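Since we're looking at a predicted model, the values are computed, not measured.
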Number of protein chains: 2
Amino acid sequence: MTAVVRRSLLDDLATSMLDLIADRKLAVGDQFESVRSLAERFQVAVPTVREALRRLEAIGALELRHGSGVYVGPNVGRMVLANPLPLKPTAGRLVELLQARALIEPPVAALAAKARVESALAQMEHDLVQAAELITSGDHDRLAEINMDFHRALAQAAGNATLAEVVESVTVVNVREQLEILHIHGDRETDLAEHRAILAAVRAGDHVLAEQLTRAHLDGVLAVINARVNP
Amino acid sequence: MTAVVRRSLLDDLATSMLDLIADRKLAVGDQFESVRSLAERFQVAVPTVREALRRLEAIGALELRHGSGVYVGPNVGRMVLANPLPLKPTAGRLVELLQARALIEPPVAALAAKARVESALAQMEHDLVQAAELITSGDHDRLAEINMDFHRALAQAAGNATLAEVVESVTVVNVREQLEILHIHGDRETDLAEHRAILAAVRAGDHVLAEQLTRAHLDGVLAVINARVNP
DNA sequence: CGCATGAATTGATCTGATCACTTGGTCATT
DNA sequence: AATGACCAAGTGATCAGATCAATTCATGCG
């Protein structure tokens, strides 16, 4: 049996649009075509085009800006995504998430110490400066964001886009919940110091130390969370 | 200013629908409401409901089956997804993907040797039997699928849903391309033998060996690919 | 120059209808 | 009783055209 794949009109539309983007070599942020012109181009009705656009928008391949137009989104060409509409994770799910990070990020840090992509290192520096300011100013919400960004930048320093996507996906998840974690963890100064040590190790190209420090950092957080969840 | 997050009607609709699913404790595969009844429930027009449904469908949280109804999809509640509409990856991107797998999967195998989730181990056994049959029957397409499934099952054996999602996301990517890889790699018997050794190590609870075998397995594939891409 | 203003463009949503697929039941045939 | 053909209701898919709302940018006033 040949498993007839019945491609719906919508599947065709969505892939055709991606092909259009690829053919025109559009980059992230570039304006795409208007809904009406797409409808005419593909000879389908406006609502149909919009359904296809929504599908692409859901995965971040496109953006629809009211009154402005359709634009190429940040996730076009990505392989791994964070679910943009996750259900509220349970406490256990958050522990699993941290475990996953504690497993994945240390070897990524080791790789980063070998690759040392300069732009990412600069981003990490920048994040540390920002973090220091936010600690004194007390804006814990933005601090949590910046700390997550440090981890994302660390992954980007490894020079592997797929790894960066994976790490971003597991760090993006509900900053709300991560906030709670940070509030539990609490010791923001220690966090900052550990981040600084990690960056120094990466800068020095010491992949063993970078991996070890990253593991210690995440295991520390994990231990606190675990104690909190299973008292 | 009160930071009026201008949640579009669509955002509200999509999240409301997810809330409905959560409230009713619907499981994957359960039937949801019809488009028309949803339109009436939320007091919006049908095309609007459909756009929200498309968004949820795009991430696999829902499925729309023509003539039948709307059903809960397999990805509801997931945190990490594979891009369902990826662009054609370049050769370099595929190497990166393999590198990412070679970095992530070995420690996952080690964890699997500790957790040993029985259902996943059974799945791995089943995959190996299937793979042996497909090698003799010569169905290389299905063989590639089964081999990927072995790796996914291995991740599930680790008992961490997030890790399983990550590994699935990096193994789902374009079976077409992975096929090409397998054709390059070619030595299907070796693959099978290595898979068998990995499962044995996991079964035995030898996490050091499981990690080492998995690393050797993926590094072997990676080496061949690298030689092929950079001749 | 700087800022209001209004027209044009574009996305957002609605209304209502028609087509196509699935499903389950009816009913004649076997 | 089992089987298969057939029909009708429910449901998603698509269409057509219209109206509302946000953005953009050229225009022109102060």
Side-chain angles (χ1 to χ4, degrees), chain A residues 3-17 20-21 24 26 28-74 76 84-85, chain B residues 1-17 20-21 24 26 28-74 76 84-85:
Chain A
V4 179
V5 182
R6 193 187 306 274
R7 296 182 56 74
S8 79
L9 175 54
L10 227 59
D11 291 331
D12 290 337
L13 269 182
T15 57
S16 294
M17 287 178 184
L20 257 187
I21 293 174
R24 295 180 185 173
L26 294 183
V28 173
D30 286 353
Q31 185 159 10
F32 194 43
E33 280 188 46
S34 77
V35 173
R36 290 169 177 84
S37 101
L38 285 169
E40 189 175 358
R41 168 188 295 275
F42 294 113
Q43 286 294 295
V44 294
V46 167
T48 308
V49 168
R50 289 182 61 79
E51 287 187 28
L53 289 173
R54 286 300 182 199
R55 171 178 294 192
L56 292 170
E57 185 202 44
I59 62 176
L62 288 179
E63 272 180 34
L64 303 176
R65 299 185 202 155
H66 193 170
S68 178
V70 181
Y71 298 82
V72 178
V76 73
L85 293 168
Chain B
M1 72 174 182
T2 38
V4 178
V5 181
R6 189 177 297 284
R7 298 179 52 72
S8 78
L9 178 52
L10 227 58
D11 289 334
D12 290 337
L13 269 181
T15 56
S16 295
M17 287 178 184
L20 256 186
I21 293 174
R24 296 180 184 172
L26 295 183
V28 173
D30 286 353
Q31 186 161 10
F32 194 43
E33 280 188 44
S34 77
V35 172
R36 288 170 178 82
S37 104
L38 285 168
E40 188 174 359
R41 167 188 296 276
F42 294 113
Q43 287 294 294
V44 295
V46 166
T48 307
V49 168
R50 290 182 60 79
E51 286 186 28
L53 289 173
R54 286 300 181 196
R55 173 179 292 194
L56 293 170
E57 186 201 43
I59 60 176
L62 288 179
E63 272 179 37
L64 284 74
R65 300 187 201 152
H66 193 172
S68 177
V70 181
Y71 297 81
V72 178
V76 72
L85 293 168

| Beyond-backbone contact of Arg24(B) with Asp30(B), side-chain heavy atoms, under 4.5 angstrom | no

| said: From CZ of Arg54(B) over to P of dT14(D), roughly how many Å is that when rounded to an integer? | reply: 7 Å

| said: What's the separation between atom CG in Leu20(B) and atom CG in Leu26(B), rounded to the nearest 0.5 Å? | reply: 8.5 Å

| query | Expressed in angstrom and rounded to an integer, what is the separation of Leu38(B) atom CG from dA13(D) atom P? | reply | 13 Å

| message | What is the distance, to the nearest angstrom, from the CZ atom on Arg50(A) to the P atom on dT15(C)? | response | 16 Å

| request: Find the distance between CD1 (Ile59(B)) and CD1 (Ile59(A)) and round it off to the nearest 0.5 Å. | output: 10.5 Å

| query | Quick one: does Pro74(A)'s side chain get under 4.5 Å of Glu63(A)'s, heavy atoms only? | reply | yes

| task | Check each of Met17(A), Arg36(A), Glu40(A) against Val49(A) using the side chain to side chain contact (heavy atoms under 4.5 Å, CB included) test, and report the only one that passes. | result | Met17(A)

| request: Using whole Å, report how far CD of Glu51(B) lies from P of dG12(D). | output: 16 Å

| task | Using whole Å, report how far CD of Gln31(A) lies from P of dT23(D). | result | 14 Å

| message | Could you work out, with salt bridge (charged side-chain N to carboxylate O under 4.0 Å, His left out) as the rule, every residue matching Glu57(A), not counting sequence neighbours? | response | Arg54(A), Arg55(B)

| Rounded to the nearest Å, what distance is computed from the CD atom of residue Glu40(B) to the P atom of nucleotide dC14(C)? | 14 Å

| message | My understanding is that only residues two or more places apart in sequence, or in another chain, count here; which of them pass side-chain contact (heavy atoms from CB on, under 4.5 Å) with Ser16(B)? | response | Phe42(B)

| From the list dG11(C), dA16(D), dT11(D), which nucleotide is the closest neighbour of the side chain of Ser34(A)? | dG11(C)

| request: Apply side-chain contact (heavy atoms from CB on, under 4.5 Å) to Leu38(A) and Leu53(A), showing your working. | output: CA-CA 10 Å; Leu38(A) 285 169; Leu53(A) 289 173; 4.1 Å; yes

| message | Quick check for you: to the nearest 0.5 Å, what is the distance between Phe32(B) atom CZ and Ile21(B) atom CD1? | response | 4.5 Å

| Where along residues 59-73 of chain A does a heavy atom fall under 4.0 Å from DNA chain D? | His66(A), Gly67(A), Ser68(A)

| task | Check whether any side-chain nitrogen or oxygen of Thr48(A) sits under 4.0 Å from OP1 or OP2 of dC15(D), and answer yes or no. | result | yes

| said: Please report the interatomic distance CZ(Arg50(B)) to CG(Leu13(B)), rounded to the nearest 0.5 Å. | reply: 13.5 Å

| query | In whole angstrom, what separates Leu53(A)'s CG from dG11(C)'s C1'? | reply | 10 Å

| How many Å lie between CG on Leu13(B) and C1' on dC14(C), as a whole number? | 13 Å

Where do N or O atoms of nucleotides 3-5 of chain C meet protein N or O atoms at under 3.5 Å, pair by pair?
none

| task | Just jot down the side-chain hydrogen bond (donor to acceptor under 3.5 Å, both in side chains) partners of Ser34(A), sequence neighbours excluded, or say none. | result | none

With the criterion being N/O to N/O and under 3.5 Å, what pairs connect the protein with nucleotides 17-19 of chain D, and how long is each?
none

| field | Shortest side-chain distance from Val44(B), nucleotide among dC15(D), dA13(D), dC14(C) | value | dC14(C)

